[in-house]
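Everything below concerns the one structure shown next.
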2 protein chains.
Amino acid sequence: MPTKHDHKKGMGTSFKRTPQRLAILAYLDGNTSHPSADDIYRAVSKKYHSMSFATVYNTLNTLAKAGTIRELTIDPVRKRFDPDVSRHHHLMCVHCGKIVDITEGLTVDLPKELAQDFEVLGSHIEFHGHCAQCKKKRKAS
Amino acid sequence: MPTKHDHKKGMGTSFKRTPQRLAILAYLDGNTSHPSADDIYRAVSKKYHSMSFATVYNTLNTLAKAGTIRELTIDPVRKRFDPDVSRHHHLMCVHCGKIVDITEGLTVDLPKELAQDFEVLGSHIEFHGHCAQCKKKRKAS
DNA sequence: ATAAATGCAAAGCATTTGCAGTAAA
DNA sequence: TTTACTGCAAATGCTTTGCATTTAT
């Protein structure tokens, strides 16, 4: 019988380290391929046969909300995920879908008249085009 | 029906100027709201009661392929469309979804070592954050 | 003990497609 | 007449959700 009223509010602050989540984090760690949820599901399923899409999406959304990973919108078809949350930019091949990091020398500043009104949370530069391999293939055909 | 713009089609196919397409083009002309397909559907349906989503999507895809409009991926939930195909960038409020044009002074160049391999078709800078109105509302609550 | 995560299947949206009828050229 | 477009509805693809069960803490 609780004589003490020690209700803590379950405000969802704890992150449980389940094997599924650890497997997803392990797959993402150092991964520069900018995988989609499906890529991650397929990769992690090889180890965890019971892995479900729901778990992958739940985990990715939780991690993104926590700022542990970044959700990219550069691919018009599906979300892509990036474990590198440092400031950098991307280049995507519109033919094969490959996404490459751009880590050097690109900085952008919002013009002052907008910067006054708008609270900037993040910025991102994206390049679209054809990668070396796909350029070759196109010439060939 | 004559329009002021001549579309050169190429590809051996002709672009038929149907009333539905003209209505979509009229709605987009000078529009800086970066509407989604659904926004366009709802707006144009008021005039054309029989308008279908298929026609909206078909038309938008045709126009985007022809380079008459631009498809934006800045919104993670749905595609947004921009009749301004000149080089400019965008800022989006993550709270209300509003997208604003940035036309001044931002230029980006791909680092040389990437520029050699990669054929750049386009580049785009995007800022995410809170607009003035949503900033206020957040403070208030 | 208990709050939270899992897995499944079903649902939810945005977008695309097949096809028969219709209209622009 | 010929070819392309429209509209409907069904289908697709990505993502989310409800819920009963299991698990980390």
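Computation of the quantities below employed the complete heavy-atom set of this structure, encompassing side-chain atoms and omitting hydrogens, waters and symmetry-equivalent molecules. Letters A, B, ... are given to chains in the order of the sequence lines, protein chains preceding strands, and every chain is numbered from 1. Not measured: the values here are computed from a predicted model.
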When you get a sec, tell me which of [options] is the closest nucleotide to the side chain of [X]?
X	options	value
A/K16	C/dT15, C/dA5, C/dA9	C/dA5
B/S52	D/dC5, D/dT23, D/dG7	D/dG7
B/T18	D/dC8, D/dC5, D/dT15	D/dC5
A/A54	C/dC8, D/dG7, D/dT6	C/dC8

Using OP1 and OP2 only, check whether a side-chain N or O of [X] sits under 4.0 Å from [N].
X	N	value
B/T55	D/dC5	no
B/Q20	D/dG7	yes
B/Y57	C/dT16	no
B/R78	C/dA14	yes
A/S14	C/dA4	no
B/R21	D/dC5	yes
B/N58	D/dT6	no

Cation-pi between A/R70 and A/F81: NZ/CZ under 6.0 Å from ring centre and within 45° of the ring axis? no
Value in whole Å for how far the [atom2] atom of [N] lies from [atom1] of [X]:
X	N	atom1	atom2	result
A/D75	C/dA14	CG	C1'	15 Å
A/K47	C/dT6	NZ	C1'	20 Å
A/Y41	D/dC14	OH	P	14 Å
A/K65	C/dA4	NZ	P	14 Å

Can you find a donor-acceptor pair, distance only, under 3.5 Å between B/K79 side chain and C/dA14 base? no
Is B/P76 touching bases, backbone alone, or none of the nucleic acid, heavy atoms closer than 4.0 Å?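 No contact.
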Could B/E71 and B/K65 be called an ion pair, given the rule that one side-chain N must be under 4.0 Å from one carboxylate O? no
Please tell me if the side chains of B/V94 and B/H130 come closer than 4.5 Å, counting only heavy atoms from C-beta onward. yes
